[in-house]
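I have placed the structure first, in the form of structure tokens, so that the comments after it can refer back to it.
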Amino acid sequence: MIVETNNFNNEDITNNFFLDFPIEDCILFDIETTGLSSTKHMIYLIGFIYYKDKTWHSENLLATNLDDESLIFDDVVSVEHKPNNPPTV
């Protein structure tokens with residue numbers, strides 16, 4: 001599994017969100033698959049981004065083989081991936 005982590009600060013992005021809750025309580029994510037069948041295809045990339053301490057944090061988890069699919073899924077859905085408790089990989 002390959003993990004890529006980035007941090008960036010861009011107030012233009014932050015100021016364009018109109019939410020009824022604090023942006024720190026939000027995680028945006030994207031799941032990429034090789035298809036839509038759970039028996040024939042796999043999740044190969046999960047990326048997510050969250051805002052904490054006035055900085056955007058992003059992480060991409062890339063499966064490099066079939067065994068990595070369950071690892072990246074388990075890592076993302078773990079209780080550690082909350083905006084108030086940043087991800088640890």
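Positions are given from 1 along the sequence.
Here T5 contributes atom OG1 and E59 contributes atom CD; the two are 4.0 Å apart, rounded to the nearest 0.5 Å.
Checked against side-chain contact (heavy atoms from CB on, under 4.5 Å), T39 has the following partners two or more places apart in sequence or in another chain: S37. With sequence neighbours excluded, the residues that form a side-chain contact (heavy atoms from CB on, under 4.5 Å) with N65 are D67, D68.
Considering Y50, F48, Y51 as possible partners of H57, the one that fulfils the ring-ring contact (aromatic ring centres under 6.0 Å, His included) test is Y50. For the side chain to side chain contact (heavy atoms under 4.5 Å, CB included) criterion with Y44, the lone passing option out of L61, T64, T34 is T34.
I2 and I72 fall into different hydrophobic clusters, where Ile, Leu, Val, Met, Phe, Trp and Tyr residues are linked whenever their side-chain heavy atoms come under 4.5 Å apart, directly or through other members. Linking Ile, Leu, Val, Met, Phe, Trp and Tyr whenever their side-chain heavy atoms come within less than 4.5 Å puts M1 and I43 in one cluster. Under the 4.5 Å side-chain contact rule for hydrophobic residues, I31 and L71 share a cluster.
In this structure, M42 and E69 approach most closely via the heavy-atom pair CA-OE2, 3.2 Å.
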Worked check of side chain to side chain contact (heavy atoms under 4.5 Å, CB included) between N60 and L45
CA-CA 7 Å; N60 292 307; L45 176 71; 4.0 Å; yes
